[in-house]
Amino acid sequence: MIQMYFTPIDYDYFDFEGRNYARIIGRNSEGRRICIIDDCPIYFWAILKNRLKQAKIKKLIEKIEKIKLDLKGRQTRVEKVELHDKHFLGKKVKALKIFATNYKDLHDIADKLGVPEIIKRRGYDLGFITHYIIEKKIAPLCWYEIEGEVLTNSQEFGGIDAAMDVDLCINLKEFKKIKEKKFKPKVLAYDIEVDEFKIGHGEILMVSLVGENFKKVITWKKIAKKPSYVEYVKDEEELLEKFIACVRDVSPDFLVGYFSDGFDLPYLRARAEKLKVPLSLGLDGTQPKFSRGAIMTGKIKGIVHVDLLRFIQTAYAQYMQSETLSLNEVSKEFLGDTKKDFQIKHSSTLDEKQMRDYFEYNLHDSVLTYQLFEKFWPDLLEFAKVIQEPIFDISRNGLSKQVGSYILHNLEKYNEIPEKRPTYDEIGVRRQRGPVEGAFVLEPTPGLYKNIALFDFTSMHTSIIISMNISGPTLLEKPEKNSNSIETKMGKFYFTKKPGFIPLLLKDIFEQRKKAKAEYKKKPDRITLARSNAFKLLSASVHGYIGFFGARYYSKESSASILAYVRKFNQDTIKNIEEKRYKVLYGDTDSIAFLVDGKTKAQINQLLEELNSELPGIMELELEGFFKRGIWVTTRGGIIGAKKKYAMIGKDNKIKIRGFETVRRDWCKLAREVQNKVIRLILKEGNEKKALKYLKGVAKKLKNREIDKNDLIIKTMLKKPLSEYRAISPHVIAARKMQEKNIPISGGNLITYYIAETRERKKLVREKVKLPDEKGEYNIKYYLERQLLPAVENIFNIFKIDTKEIISGKKQMTLGDF
DNA sequence: ATATACACGGATCCCCTATTTCC
DNA sequence: GGAAATAGGGGATCCGTGTA
């Protein structure tokens with residue numbers, strides 16, 4: 001027997017003699033790599049019909065206990081059956097806990113239970129790892145004092161210890177959770193360079209590897225003076241072998257790439273296959289396994305393969321400034337560093353110096369990836385600990401999956417049996433029912449306003465779910481007295497006031513977030529911040545989860561009700577503010593902007609307090625801030641006020657711009673910058689004259705072809721494969737042109753192009769599209785009339801200035817000379 | 001494949017009518 | 001003179017990208 005402190009990092013499982021065993025790879029407190037083997041009770045639930053007689057239940061149990069199955073070359077049987085008092089969807093039920101030998105057979109056993117006494121069968125679709133973590137509570141990256149039997153050259157489990165490249169293999173006997181210990185994971189970042197982008201179609205030229213005190217570029221492209229970090233190999237075959245040897249040598253906990261699920265790892269595999277080099281990266285010598293599906297996922301046994309891009313996509317993208325999630329932009333935002341400048345060309349055309357730059361470039365990509373991982377590690381760590389799923393999944397799962405996992409791991413507190421995943425057909429039906437009515441947006445009156453106050457509801461959807469106790473299980477079938485009710489387009493819905501487990505769970509998330517936030521304020525550090533963010537993201541996603549057709553706890557009625565409350569509280573509050581004789585300018589979902597109108601700060605706070613006193617439960621309205629000026633414009637060509645488009649300037653001169661072309665990446669830089677400057681000039685001084693003068697200057701430059709073509713590039717995302725486009729828009733044409741030039745194009749590519757002059761008169765914009773490096777002159781008419789003017793004309797319209805006339809020079813200026 | 005709805009606005013698509021062109 | 005081609009207007013639709 002051996003005893004040690006241990007933290008789990010990666011989980012998988014195997015079958016031995018028909019039984020499931022979890023295999024957990026982790027580290028002990030000395031930093032040694034440990035593999036522990038453990039099992040857990042395997043069972044699912046059969047929910048019984050109401051008021052079954054004891055004798056009948058007993059008979060049923062006896063019958064079930066006799067079930068034996070022989071499938072997939074494996075014998076399986078029910079080992080025992082217990083009767084339990086449980087909850088299902090918030091209701092008390094009697095349920096049978098049916099134990100069996102193999103998790104994979106639970107579904108088949110459940111299929112054998114089609115008897116009238118059993119109304120539902122649940123809990124067989126969680127996945128073994130999730131089931132195991134729930135059952136044993138050995139959660140990722142927590143710390144445990146473990147006790148077990150060392151496996152050395154033992155025949156137990158088919159000689160597993162000999163196959164695994166770890167320091168120690170232990171058959172777990174006892175464990176208990178202990179206080180957190182410091183843990184610094186071993187990380188290796190990697191990146192490959194190739195000549196042909198299509199997976200496996202070209203040779204791998206080089207691969208870089210970066211770890212702590214470790215920097216290497218492996219290549220067979222040889223030059224005269226090689227940098228010290230470069231290591232030569234004979235050919236591509238040897239490059240693969242060397243790469244594998246390096247990974248095995250460093251033996252990292254995490255092998256990290258950027259877009260490596262979609263590119264680097266599949267490329268390595270494809271080349272390895274072609275050259276018949278086994279890509280044995282796994283700790284047991286196995287090759288990476290790729291899951292099918294639109295997005296490929298590469299899994300390496302024992303080493304957690306992390307594609308950072310995917311984690312950033314789900315957990316961070318919505319809070320980021322970057323326009324794309326390219327390694328370059330993300331590094332700039334989070335590290336203040338960028339990729340090395342290097343124009344990638346076919347390697348055969350590169351001279352010695354360029355090749356040296358290429359090495360440097362390749363290495364630096366891994367350096368950035370390594371540093372980004374360090375940056376995001378606290379977030380990955382806290383997410384994994386909060387949600388209790390392995391980092392491999394945490395780093396790839398979308399928000400619905402994360403919320404779903406969190407719920408599953410916390411059901412036991414409420415004695416709940418898990419609901420099943422919807423079937424494919426059920427999802428189809430749910431999707432067909434269409435969307436529910438969303439939030440309310442108040443139409444603004446266009447204009448420039450002074451002294452504005454902004455209120456907003458704190459975590460509005462979340463606080464409504466909690467305060468009004470909304471969820472599928474708390475929805476009442478029939479109206480009841482003393483319940484919460486709300487009118488929606490789908491009908492009137494009633495929710496019990498007896499707290500349901502989903503609102504309670506959400507309340508718990510909400511409170512834990514508050515706690516983490518307070519902790520962070522007291523002692524700001526990366527970990528408490530990450531924890532706070534994890535709870536924040538989780539709590540903000542629950543409403544989306546409830547309305548998501550793939551969710552276990554999907555409830556369209558609940559989603560409709562939440563949104564109906566959102567509208568109601570916002571509209572009622574607007575009415576209340578107006579009744580107090582304030583002029584409300586604008587409101588969107590959970591916010592309300594209104595004129596201060598000479599009132600003092602204390603009076604506004606008094607108003608806030610009054611409004612808050614009428615709100616139920618934990619709902620709260622807060623003062624977001626005071627603003628010196630704000631502008632709202634009309635819709636294009638219309639007279640009505642445009643929603644989701646405004647700009648305000650705070651007391652601190654900080655400018656908040658929402659929805660305007662300035663913040664949209666599918667407008668050219670010139671239009672965006674000019675609009676931004678115009679907005680700033682107007683907000684800062686409340687005077688449009690300077691802005692107009694500035695605009696005139698830019699228009700003149702544009703007409704004289706003095707504008708840099710780079711400022712006129714339009715960027716648009718290709719969102720799907722080229723062939724799927726029904727409307728052939730300019731960016732589709734640009735993408736086709738790129739394809740003709742053998743630049744690989746796929747959904748997710750940011751397409752750049754500009755609009756050029758053409759010899760003949762062409763009607764459609766798409767006929768004037770040119771790629772940035774294509775020769776041509778920019779189309780003055782297009783950029784004037786379709787970019788520059790549209791971006792600012794609505795703003796000047798507020799001041800009754802018609803920019804069209806001024807720019808085209810058809811009419812004398814009405815504002816005097818400047 | 002998958003958190004939700006609302007909203008703007010460019011560009012094309014598509015149908016219609018009026019006008020021009022062609023034989 | 002009549003059919004076919006073309007232009008253009010305007011609403012519908014597609015598409016991308018924001019706000020919340």
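Heavy-atom basis, side chains included; hydrogens, waters and symmetry copies ignored. Sequence lines set the chain letters: A, B, ... in the order given, protein chains first and strands last, and positions in each chain run from 1.
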Quiz prompt | Integer-rounded Å distance: B:dA1 P and A:K401 NZ | solution = 12 Å
Self-check item: Rounded distance in Å - CD1 (A:I714) to C1' (B:dA11)
Solution: 11 Å
Quiz item: To the nearest Å, how far apart are A:I639 CD1 and B:dC8 P?
Solution: 14 Å
Quiz item: Counting only heavy atoms not in A:K709, do more than 12 sit closer than 6.0 Å to its NZ atom?
Solution: yes
Quiz prompt | Shortest side-chain distance from A:F548, nucleotide among B:dT2, B:dG9, B:dA7 | solution = B:dT2
Quiz item: With sugar-phosphate meaning primed atoms plus P, OP1 and OP2, does A:V542 contact a base, only sugar-phosphate, or nothing at under 4.0 Å between heavy atoms?
Solution: nothing
Quiz item: Do the rings of A:W632 and A:Y449 sit parallel, tilted or perpendicular, given the 30° and 60° boundaries?
Solution: perpendicular
Exercise. Tell me which residues in residues 385-394 of chain A put a heavy atom below 4.0 Å from DNA chain B, sorted by number, or none.
Key: none
Quiz item: With a non-hydrogen cut-off below 4.0 angstrom, is A:Y782 in contact with a base, only sugar-phosphate, or nothing?
Solution: sugar-phosphate
Quiz prompt | A:R665 and A:E329 ion-paired at < 4.0 Å | solution = no
Quiz item: Can A:E661 and A:R636 be counted as an ion pair, charged N to O under 4.0 angstrom?
Solution: yes
Quiz prompt | A:K770, NZ: over 12 other non-hydrogen atoms inside 6.0 angstrom | solution = yes
Self-check item: Whole angstrom value for the distance that separates P of B:dA3 from CD1 of A:I407
Solution: 14 Å
Quiz prompt | Nearest-0.5 Å distance that lies between atom CD1 in A:I728 and atom CG in A:L764 | solution = 11.5 Å
Quiz prompt | Whole-Å gap separating C1' (B:dC14) and CG (A:L764) | solution = 13 Å
Practice problem: Give a yes/no on whether any side-chain N or O of A:R766 is located under 4.0 angstrom from OP1 or OP2 of B:dC13. | Solution: yes
Self-check item: side-chain contact (heavy atoms from CB on, under 4.5 Å) partner of A:K556, chosen from A:T488, A:V436, A:I546
Solution: A:V436
Exercise. Could you check whether A:G438 gets within reach of a base, just the sugar-phosphate, or nothing at all, counting any heavy atom under 4.0 Å?
Key: sugar-phosphate
Self-check item: A:K720, NZ: over 12 other non-hydrogen atoms inside 6.0 angstrom
Solution: yes
Quiz item: Taking NZ, NE, NH1 and NH2 as the nitrogens, is one of them in A:E389 or A:K401 under 4.0 Å from a carboxylate oxygen of the other?
Solution: no
Quiz item: What does A:E437 touch in the nucleic acid at a heavy-atom separation under 4.0 angstrom: a base, only the sugar-phosphate, or nothing?
Solution: sugar-phosphate
Quiz item: A:I733 has an atom CD1; how far is it from atom P of B:dC13, in whole Å?
Solution: 9 Å
Quiz item: With sugar-phosphate meaning primed atoms plus P, OP1 and OP2, does A:I728 contact a base, only sugar-phosphate, or nothing at under 4.0 Å between heavy atoms?
Solution: sugar-phosphate
Quiz item: Can you list, by residue number, the residues of residues 425-435 of chain A that have a non-hydrogen atom closer than 4.0 angstrom to DNA chain B?
Solution: A:R431, A:P435
Quiz prompt | Spacing between A:W632 atom CH2 and B:dC8 atom P, to the nearest angstrom | solution = 15 Å
Practice problem: Please determine if A:R396 and A:D261 form a salt bridge, counting it only when a charged side-chain N lies under 4.0 Å from a carboxylate O. | Solution: yes
Quiz item: So, for A:G298 and A:L265, which heavy atoms are closest and what is the spacing to 0.1 Å?
Solution: CA-CD2, 3.9 Å
Quiz item: At their closest point, which heavy atom of A:N794 faces which heavy atom of A:T634, and how far apart are they?
Solution: ND2-O, 3.1 Å
Exercise. Report which part of the nucleic acid A:S400 touches: base, sugar-phosphate, or nothing (heavy-atom distance under 4.0 Å, all strands).
Key: sugar-phosphate
Quiz item: Rounded to the nearest 0.5 Å, what separation is found between the CG atom of A:N749 and the NE2 atom of A:H731?
Solution: 10.5 Å
Exercise. Could you please name the option among B:dA5, B:dC8, B:dG10 that lies closest to any side-chain atom of A:V436?
Key: B:dA5
Quiz item: Once each nucleotide of nucleotides 14-20 of chain C is scored for protein heavy atoms under 4.0 Å, what B/S/- sequence comes out, 5' to 3'?
Solution: SSBBBBS
Quiz item: How many Å lie between CD on A:Q318 and P on B:dA5, as a whole number?
Solution: 16 Å
Quiz item: Hey, which of these two, A:S541 or A:V441, hits DNA chain B nearer its 5' end, going by closest nucleotide?
Solution: A:S541
